[in-house]
Amino acid sequence: MTNKDRHNNVIIACDFSSDEELMSFLKQFGDTRPYLKIGMELFYAEGPQIVRKLKSMGFPIFLDLKLHDIPNTVKKAMAVLSRLDIDMCNLHAAGTVEMMRAAIEGLTRTDGSRPLLLAVTQLTSTSQERMNKELLIEGDIKDVVAQYALNAKQAGLDGVVCSPLEASVVKGVCGQEFLTVTPGVRFADSAANDQVRITTPEKARMSGSDYIVVGRPITAAQNPPEAYKRCLSEFNTTK
Ligand code: C5P
């Protein structure tokens, strides 16, 4: 398993709705093969074929489908995803340790290899108030994130997707080797869009992120390959 690969630790969120849009975006990168995050929109629009295509072109893939179901269903679905030869995927830690263990079983290939598996703890769109009042989960959201991260570690997962502001809490309870993959990243001089709790690539590194997920600051840039290079250099030149 690769971890902390300093040349490929900026993951581009490919929030496009079709193969054509994605291909015209990627054409600008020439022979460079950045890590790509494929989410529900593109996967549901184009199906698993889009993943096979990108893998055959040599792109590392984080498949962001956030599975959450009974353990047996998740295990079988993960086995299918693993055969797509993806590099990283995820699920909801709320599915319990048993579900996460089943996911690892399903993901593990006959040769013992498997994609990295990350847990979503609490979505950053879930507020403290909603978690307490709607979901009836008591306590501080940071403590819930820490407990879900510990559950993920106990189940054998590699890390979590979390806000850069939670990365140091996760490292504190789960250890430095437990991966943190963080969205919500913006250049100091660029628009926040709809992201609220944002941080720069440099600050994300300082707060303990191992990988950053960056969408619009790259996909909507005038020169996406330049913006990608800037992200890589700002994220990797500290420490
Ligand atoms: O364009 P932007 O950089 O905001 O894209 C961030 C990506 O990370 C999007 O694909 C978004 O869905 C995802 N994400 C996020 N916040 C989370 C989890 C995922 O922004 N808490």
Side-chain angles (χ1 to χ4, degrees), residues 9-18 21-22 25-26 34-46 50-51 54 59-68 86 88-94 116-128 130-131 135 141-142 144-146 148-149 152 157 159-170 179-205 207-232 234-235:
N9 54 11
V10 170
I11 304 176
I12 304 180
C14 293
D15 294 321
F16 299 107
S17 57
S18 71
E21 265 183 74
L22 175 63
F25 170 72
L26 292 177
Y35 217 123
L36 305 180
K37 179 173 89 71
I38 302 302
M40 293 184 208
E41 183 186 9
L42 194 57
F43 192 79
Y44 292 152
E46 298 290 349
I50 190 70
V51 177
L54 292 167
F59 291 97
I61 302 293
F62 169 19
L63 193 55
D64 178 19
L65 298 181
K66 302 187 180 70
L67 276 67
H68 187 177
I86 52 171
M88 187 186 282
C89 59
N90 60 2
L91 46 62
H92 274 283
L116 290 172
L117 182 59
L118 307 169
V120 174
T121 54
Q122 282 291 342
L123 291 168
T124 48
S125 52
T126 305
S127 66
Q128 172 79 48
R130 286 199 174 132
M131 187 190 78
L135 305 181
I141 197 159
K142 277 218 168 111
V144 175
V145 167
Y148 281 21
L157 271 69
V160 292
V161 183
C162 65
S163 143
L165 309 168
E166 289 157 0
S168 57
V169 175
V170 169
L179 298 175
T180 55
V181 177
T182 63
V185 174
R186 291 293 178 270
F187 294 122
D189 55 4
S190 75
N193 309 114
D194 55 350
Q195 294 281 13
V196 182
R197 299 192 301 147
I198 53 173
T199 194
T200 62
E202 186 184 6
K203 284 190 184 143
R205 160 65 71 198
S207 68
S209 303
D210 295 298
Y211 294 84
I212 48 174
V213 174
V214 187
R216 288 159 292 181
I218 296 175
T219 57
Q222 277 204 333
N223 185 334
E226 277 305 313
Y228 171 67
K229 267 192 232 151
R230 179 179 170 191
C231 257
L232 269 180
E234 289 189 11
F235 188 47

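Note that ligands are numbered from 1 as they come in the structure, with each ligand's atoms numbered from 1 the same way.
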A.B. asks: Is there any salt bridge (Lys or Arg N to Asp or Glu O under 4.0 Å) pair reaching into residues 116-125, and which pairs are they, with sequence neighbours excluded?
C.D. replies: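 Residue pairs passing salt bridge (Lys or Arg N to Asp or Glu O under 4.0 Å), neighbours aside: none found.
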A.B. asks: Taking atom types as modelled, is there a side-chain donor on Asn90 or Asp64 under 3.5 Å from an acceptor on the other?
C.D. replies: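 Asp64 and Asn90 do have a side-chain donor-acceptor pair below 3.5 Å.
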A.B. asks: With sequence neighbours left out, what residues match Pro60 under side-chain contact (heavy atoms from CB on, under 4.5 Å)?
C.D. replies: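 Here the qualifying residues are Asn8, Tyr35, Asp87.
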A.B. asks: May I have the N/O to N/O pairs between ligand 1 and the protein that fall below 3.5 Å, each with atom names and distance to one decimal?
C.D. replies:
{"residue": "ligand 1", "atom": "1 (O)", "partner": "Arg216", "partner atom": "N", "Å": "2.7"}
{"residue": "ligand 1", "atom": "1 (O)", "partner": "Arg216", "partner atom": "NE", "Å": "2.7"}
{"residue": "ligand 1", "atom": "3 (O)", "partner": "Arg186", "partner atom": "NH1", "Å": "2.9"}
{"residue": "ligand 1", "atom": "3 (O)", "partner": "Gly215", "partner atom": "N", "Å": "2.8"}
{"residue": "ligand 1", "atom": "4 (O)", "partner": "Arg186", "partner atom": "NH2", "Å": "2.8"}
{"residue": "ligand 1", "atom": "4 (O)", "partner": "Gln195", "partner atom": "NE2", "Å": "2.8"}
{"residue": "ligand 1", "atom": "4 (O)", "partner": "Arg216", "partner atom": "NH2", "Å": "2.8"}
{"residue": "ligand 1", "atom": "10 (O)", "partner": "Asp15", "partner atom": "OD1", "Å": "3.3"}
{"residue": "ligand 1", "atom": "10 (O)", "partner": "Asp15", "partner atom": "OD2", "Å": "2.8"}
{"residue": "ligand 1", "atom": "10 (O)", "partner": "Lys37", "partner atom": "NZ", "Å": "3.0"}
{"residue": "ligand 1", "atom": "20 (O)", "partner": "Gln195", "partner atom": "NE2", "Å": "2.8"}
{"residue": "ligand 1", "atom": "21 (N)", "partner": "Thr124", "partner atom": "OG1", "Å": "2.5"}

A.B. asks: Between the side chains of Lys229 and Glu226, is the shortest nitrogen-to-carboxylate-oxygen separation below 4.0 Å, so that they form an ion pair?
C.D. replies: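 Judged by the 4.0 Å cut-off on N to carboxylate O distance, Glu226 and Lys229 do form a salt bridge.
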A.B. asks: Using the test side chain to side chain donor-acceptor pair (under 3.5 Å), find all partners of Arg216 that sit at least two apart in sequence or belong to another chain.
C.D. replies: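 So Arg216 forms a side chain to side chain donor-acceptor pair (under 3.5 Å) with Asp194.
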A.B. asks: When rounded to the nearest 0.5 angstrom, what is the spacing between CG in Leu117 and CG in Leu179?
C.D. replies: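 The CG atom of Leu117 sits 11.0 Å away from the CG atom of Leu179.
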